[in-house]
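The next block holds one structure in the form of structure tokens; read it before the comments.
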Amino acid sequence: MEIVNKENAIRSIVKSAVKAYANGFSTRHLAEVEDENGVIYMEMHNVFIAALDKEIQHYVLTRSIRLSLDTMLESMAISIAELNYKVSQYVEGTLYREQTDYIVELLEQYHRRIPKIEDYQGITEKKGTASTKRHESDYYLVDEETGMHYLIELRIGGNLDNQKARSVKKALLEQYCILSNKLGEGKVKILFATAYNRYSEGKPWTQGRVLQYFSQQELCIGRDFWNLVCKSEHGFEIVIDEFTKDAHYINDAFHEIINAYSEKGLW
């Protein structure tokens with residue numbers, strides 16, 4: 001795909017996603033203006049929230065936007081990735097008990113030392129008792145030009161507790177084995193990704209819960225994630241620029257909802 005055409009396609013996906021999101025968010029909450037069992041009413045039935053200033057009460061709606069926005073960004077990223085990769089959301093194939101045993105042992109070691117990608121290189125040599133296993137995957141991208149396969153765990157803001165971080169890495173390592181048993185280890189890469197850097201773009205990712213189980217080479221944070229799915233070194237700038245241009249659709253929906261509920265005497 002030509003560079004200009006790719007950028008236009010990315011921008012079109014971002015704009016369509018933002019408009020659809022704003023319309024859906026607005027439609028949902030406006031449909032509940034007369035319903036005292038609606039989401040916003042139920043939040044405002046909390047007497048402690050009701051006692052706060054109106055500007056702070058609007059945080060209830062802001063929080064709803066943030067949570068649903070995460071889902072929209074996940075879907076948008078998949079649509080963009082489909083421009084450049086073969087995209088799947090599951091991995092299935094042969095996994096050996098010797099490999100799963102080694103994975104468990106490796107995860108235990110991470111309580112005492114930092115992880116390295118070298119830790120699981122050569123894991124396909126551990127063979128013996130075979131079984132077939134299927135894993136659901138956030139993003140399984142295949143670059144048909146280079147033959148590289150990417151296994152990506154996307155957490156929009158990067159939130160993981162210790163137990164979840166361990167289970168996520170375990171699942172990714174098993175998927176890595178399944179693919180590498182068939183393709184060879186040099187063709188598969190594990191990544192932990194976020195849609196933005198909670199520490200500010202360009203700064204190191206320092207969240208201990210993630211770093212306990214993922215090496216620096218396995219991190220795909222903010223800019224790196226969008227550049228990867230866009231398959232462009234300017235992907236992040238394109239996505240953010242277009243999202244900023246289209247953000248007024250969400251702003252307008254937000255204020256429309258506030259006005260509608262204010263007329264009902266809620267705000």
Side-chain angles (χ1 to χ4, degrees), residues 1-3 5-25 28 65-93 134-160 164 167-169 171-172 174-176 178-179 183 187-198 201 210 214 218-247 249-250:
M1 183 181 293
E2 296 180 3
I3 294 176
N5 289 340
K6 179 190 286 190
E7 178 174 341
N8 289 338
I10 292 170
R11 288 183 180 277
S12 177
I13 288 171
V14 174
K15 185 171 186 175
S16 295
V18 172
K19 289 179 70 174
Y21 169 77
N23 181 64
F25 188 82
R28 175 193 176 190
I65 285 178
R66 182 182 62 79
L67 294 174
S68 55
L69 189 63
D70 287 358
T71 301
M72 184 273 277
L73 291 174
E74 291 173 359
S75 176
M76 186 178 82
I78 289 176
S79 295
I80 293 174
E82 288 174 339
L83 296 173
N84 308 294
Y85 303 93
K86 178 182 178 182
V87 180
S88 181
Q89 289 187 286
Y90 75 91
V91 171
E92 186 174 19
R134 175 184 170 118
H135 266 290
E136 302 304 315
S137 176
D138 280 358
Y139 295 84
Y140 168 28
L141 310 183
V142 181
D143 187 334
E144 295 184 302
E145 291 182 352
T146 66
M148 184 61 68
H149 294 239
Y150 297 93
L151 293 167
I152 304 173
E153 174 72 18
L154 174 64
R155 296 290 166 136
I156 296 298
N159 294 322
L160 280 179
K164 188 63 177 175
S167 64
V168 164
K169 186 59 180 285
L172 284 172
E174 289 187 0
Q175 292 173 58
Y176 176 88
I178 290 170
L179 290 179
L183 304 169
K187 293 295 186 179
V188 185
K189 189 169 185 177
I190 288 174
L191 294 171
F192 174 84
T194 70
Y196 64 93
N197 188 338
R198 64 195 301 177
E201 198 57 49
V210 171
F214 290 89
E218 294 170 322
L219 301 183
C220 192
I221 306 300
R223 178 186 302 276
D224 291 338
F225 171 70
W226 292 109
N227 285 353
L228 176 64
V229 296
C230 292
K231 204 176 180 182
S232 165
E233 61 182 7
H234 303 296
F236 176 77
E237 284 79 10
I238 295 170
V239 170
I240 295 302
D241 180 67
E242 186 60 38
F243 189 94
T244 301
K245 289 179 179 178
D246 301 327
Y249 293 111
I250 299 176

Under the ring pair (Phe, Tyr, Trp, His ring centres under 6.0 Å) test, residues paired with [X] that sit two or more places apart:
X    : result
Y21  : F25
Y140 : H149
Y176 : Y120

Between atom [atom1] of [X] and atom [atom2] of [Y], what is the distance when rounded to the nearest 0.5 Å?
X    : Y    : atom1 : atom2 : answer
L69  : L73  : CG    : CG    : 4.5 Å
L172 : I190 : CG    : CD1   : 5.5 Å
R155 : E74  : CZ    : CD    : 9.0 Å
H234 : K6   : NE2   : NZ    : 11.0 Å
W226 : I10  : CH2   : CD1   : 10.0 Å
H135 : E92  : NE2   : CD    : 11.0 Å

| task | Kindly assign one of parallel, tilted or perpendicular to the pair F214 and F192, based on the angle between their ring planes and the thresholds 30° and 60°. | result | tilted

Output all residues satisfying side-chain contact (heavy atoms from CB on, under 4.5 Å) with [X], sequence neighbours left out; order by chain, then residue number.
X    : result
K15  : K19, E242, D246, Y249
E144 : K86, V142
D224 : C220
E82  : I78, V87

How would you list, by chain and number, every residue that makes a salt bridge (Lys or Arg N to Asp or Glu O under 4.0 Å) with [X], sequence neighbours excluded?
X    : result
K245 : D241
E237 : R223
E174 : K133, K170
K231 : D143, E145

Which atom of [X] lies closest to which atom of [Y], heavy atoms considered:
X    : Y    : value
I152 : D138 : O-CB, 3.3 Å
S79  : I13  : O-CD1, 3.5 Å
G157 : T194 : C-CG2, 4.4 Å
Y196 : I221 : O-CG2, 4.3 Å
V239 : V14  : O-CG1, 4.2 Å
R11  : I238 : CG-CG2, 3.9 Å

| request: Assess whether side chain to side chain contact (heavy atoms under 4.5 Å, CB included) is satisfied between V210 and L219, documenting all intermediate values. | output: CA-CA 9 Å; V210 171; L219 301 183; 3.9 Å; yes

| task | Using modelled atom types only, decide if a donor and an acceptor are shared between the side chain of S75 and the backbone of M72 within a distance under 3.5 Å. | result | no

| field | Side chain S16, main chain S12, donor-acceptor under 3.5 Å | value | yes

| request: Taking the side chain as every heavy atom from C-beta outward, state whether Y85 and Y150 have any pair of such atoms under 4.5 Å apart. | output: yes

| Residues that E136 engages under side-chain hydrogen bond (donor to acceptor under 3.5 Å, both in side chains), provided they are two or more places apart | R134

